Number of protein chains: 2
Amino acid sequence: MVRGALATLLGLEDDLEVVAEAGDGAQAVATAIAIRPDVALLDIEMPGKDGIAAAAEIRAAVPECKVMILTTFGRPGFLRRAMEAGASAFLVKDSPAAELAEAIRRVLAGERVIDPGLAAAALSAGPNPLSPRERDVLAASVDGASIGDIAGQLHLSEGTVRNYLSAAIQKVGARNRIEAVRSAESQGWL
Amino acid sequence: MVRGALATLLGLEDDLEVVAEAGDGAQAVATAIAIRPDVALLDIEMPGKDGIAAAAEIRAAVPECKVMILTTFGRPGFLRRAMEAGASAFLVKDSPAAELAEAIRRVLAGERVIDPGLAAAALSAGPNPLSPRERDVLAASVDGASIGDIAGQLHLSEGTVRNYLSAAIQKVGARNRIEAVRSAESQGWL
DNA sequence: GGTTCTGGATGACAAAAGTCACATGGTGAC
DNA sequence: GTCACCATGTGACTTTTGTCATCCAGAACC
């Protein structure tokens with residue numbers, strides 16, 4: 001519904017044309033390759049996951065297509081990863097609707113558009129302090145899995161899982177697994 | 001942005017007029033009382049919380065104003081509470097945008113509009129099994145608080161908190177606190 | 001060749017978390 | 001007036017977590 005509404009809205013602008021819509025990441029990549037649009041506007045939270053991966057794929061397959069990220073949660077880590085994936089813009093959905101069309105025009109003109117408050121947050125937060133393995137273990141514990149579950153799922157010994165979790169908890173400055181997960185999630189580190 | 005886009009979209013319909021917009025629950029209630037619209041379209045997740053409470057207040061203060069809930073997460077418990085608050089419609093944002101205007105017309109004609117899949121889920125899930133106090137304790141533990149923290153926050157002894165938590169975990173069929181929180185949240189029981 | 005880093009593992013230990021049994025008041029329903 | 005819950009509390013007990021020290025193998029780097 002949101003996508004449809006935004007598409008209709010953008011279609012009302014004289015100088016913009018919505019050439020396609022897609023419901024998930026994979027479909028977005030396929031459509032971008034087929035249509036070769038000037039710009040692709042992607043969300044991060046999508047069914048089938050990861051608008052950032054989709055962004056990277058589109059950049060690789062269709063270099064002349066600028067990629068813009070429009071997302072609900074302005075997490076510093078998301079911004080960082082989006083930029084690394086070659087995105088030209090990073091906007092959050094709580095800015096006014098009029099800004100969207102304006103941002104698209106600026107991107108088409110070659111500018112990069114980044115929510116200023118978010119840019120500051122991303123710079124002050126610093127990079128993801130978690131090692132890849134710590135990230136895996138923390139990510140595997142989001143929905144209440146026990147140490148044993150995580151160990152089985154990741155083919156590690158329980159002791160190792162405990163160690164990684166302990167390290168992750170310290171690094172993010174949390175007091176236990178749950179706080180660590182919340183905190184890492186809110187920074188976009190998972 | 002989403003609100004603005006939907007408002008513009010609805011404004012394009014010949015027979016509908018958007019008379020106001022509000023950014024949070026309190027403002028929505030105040031505006032509804034001032035403007036006395038035919039229908040109010042509310043989200044549940046709002047800054048300042050709880051579109052369902054706002055719905056109930058609007059129903060009480062402006063009885064001729066129908067209240068519709070449009071939300072991202074179609075949780076059975078949300079639907080139940082929305083209906084108890086006197087809502088005339090409960091829609092989820094992943095239905096097509098065209099349906100929204102149609103739903104508004106049906107509500108204005110006196111019908112109740114409910115997402116059918118969600119209605120089934122709400123009926124099969126049954127009512128919230130948690131006692132109010134169990135709900136409080138579980139809700140207080142969402143972001144990683146320890147038993148001691150919760151006890152202090154709710155002015156209970158640690159043993160009592162443990163007992164409530166244990167009961168809640170059993171009732172929702174979870175294996176630990178985190179699973180219980182996730183599960184209760186996904187049902188809309190918190 | 002030595003140093004350092006990372007991924008992985010073990011064992012020990014303390015601190016939480018979770019379970020159980022049981023006790024006491026209060027509130028409604030029948 | 002009894003019965004069934006609820007909210008609240010205690011104490012004992014087991015299981016899970018989280019922390020720490022220490023170890024080993026491979027890769028990278030100088």
Side-chain angles (χ1 to χ4, degrees), chain A residues 77 80-81 84 125-190, chain B residues 77 80-81 84 125-190:
Chain A
R80 186 174 297 261
R81 276 189 277 157
E84 282 164 6
N128 188 336
L130 267 31
S131 80
R133 227 44 186 139
E134 284 160 1
R135 222 194 88 268
D136 292 344
V137 171
L138 202 54
S141 77
V142 284
D143 28 47
S146 72
I147 300 258
D149 294 342
I150 304 172
Q153 190 183 325
L154 266 53
H155 308 293
L156 290 175
S157 86
E158 299 201 359
T160 304
V161 172
R162 272 211 296 274
N163 286 342
Y164 282 142
L165 270 179
S166 184
I169 290 168
Q170 310 250 349
K171 282 189 181 173
V172 304
R175 283 171 354 195
N176 56 48
R177 206 187 301 189
I178 316 178
E179 271 191 14
V181 167
R182 291 259 158 189
S183 161
E185 241 171 9
S186 79
Q187 299 282 323
W189 287 339
L190 292 189
Chain B
R80 186 175 296 264
R81 276 190 276 158
E84 281 163 8
N128 189 337
L130 268 30
S131 81
R133 225 48 184 137
E134 284 161 0
R135 222 194 87 268
D136 292 344
V137 171
L138 202 54
S141 76
V142 284
D143 28 46
S146 71
I147 300 258
D149 294 342
I150 303 171
Q153 190 183 323
L154 265 54
H155 308 293
L156 290 175
S157 87
E158 300 202 358
T160 304
V161 172
R162 273 211 298 275
N163 286 341
Y164 282 145
L165 232 27
S166 186
I169 290 167
Q170 311 251 3
K171 282 189 181 174
V172 304
R175 282 172 353 195
N176 56 49
R177 204 188 302 190
I178 316 177
E179 271 192 11
V181 167
R182 291 259 158 189
S183 162
E185 241 170 11
S186 80
Q187 298 284 323
W189 288 338
L190 292 189

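Chain A is the first sequence line, chain B the second, and so forth, proteins listed ahead of strands; every chain is numbered from 1. These numbers come from a predicted model, not from an experiment.
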Atom pairs and distances, side-chain donor-acceptor, residues 131-138 of chain B, under 3.5 Å, sequence neighbours left out:
residue, atom, partner, partner atom, Å
B/Ser131, OG, B/Glu134, N, 3.3
B/Arg133, NH1, B/Asp136, OD2, 3.0
B/Glu134, OE1, B/Ser131, N, 2.9
B/Glu134, OE1, B/Lys171, NZ, 2.9
B/Glu134, OE2, B/Lys171, NZ, 3.3

Heavy-atom check, side chain of A/Ile150 versus side chain of A/Tyr164, under 4.5 Å: no

Rounded (10°) bend between the five-pair end axes of the helix from C/dG1-D/dC30 to C/dC30-D/dG1: 40°

Pair listing, side chain to side chain donor-acceptor pair (under 3.5 Å) test, anchored in residues 150-161 of chain B, at least two apart: B/Ser157-B/Thr160

Qualifying side chain to side chain donor-acceptor pair (under 3.5 Å) pairs with a residue from residues 180-190 of chain A, counting only residues at least two apart or across chains: none

Contact list for DNA chain D against residues 131-148 of chain A - heavy-atom distance below 4.0 Å: A/Ser146, A/Ile147

For A/Val181 against A/Ser141, the heavy-atom pair lying closest together: CG2-OG, 3.6 Å

Side-chain heavy atoms of A/Val142 within contact of A/Leu190, under 4.5 Å: yes

Which residues share a salt bridge (Lys or Arg N to Asp or Glu O under 4.0 Å) with B/Arg80, sequence neighbours left out: none

Residue-level proximity of residues 156-182 of chain B to DNA chain C when a heavy atom falls under 4.0 Å: B/Arg162, B/Asn163, B/Ser166, B/Gln170, B/Asn176, B/Arg177

Nearest atoms (heavy-atom pairs only) where B/Ala174 meets B/Ala180: CB-N, 3.4 Å

Residues that A/Ser166 engages under side-chain contact (heavy atoms from CB on, under 4.5 Å), provided they are two or more places apart: A/Gln170

Listed partners of B/Arg162 passing salt bridge (Lys or Arg N to Asp or Glu O under 4.0 Å), at least two apart: none

DNA chain D: 5'-most and 3'-most nucleotides touching chain B, 4.0 angstrom heavy-atom criterion: D/dA7 to D/dA12

Sub-3.5 Å pairs of nitrogen or oxygen atoms, protein against nucleotides 24-30 of chain C:
none

Sequence-distant partners of A/Arg175, salt bridge (Lys or Arg N to Asp or Glu O under 4.0 Å), two or more places apart: A/Glu179, B/Asp149

Minimum-distance pair of heavy atoms, taken over all atoms of B/Leu165 and B/Ile147: CD2-CD1, 3.9 Å

Side-chain donor/acceptor of A/Asn176 to backbone N/O of B/Gly144, under 3.5 Å: yes

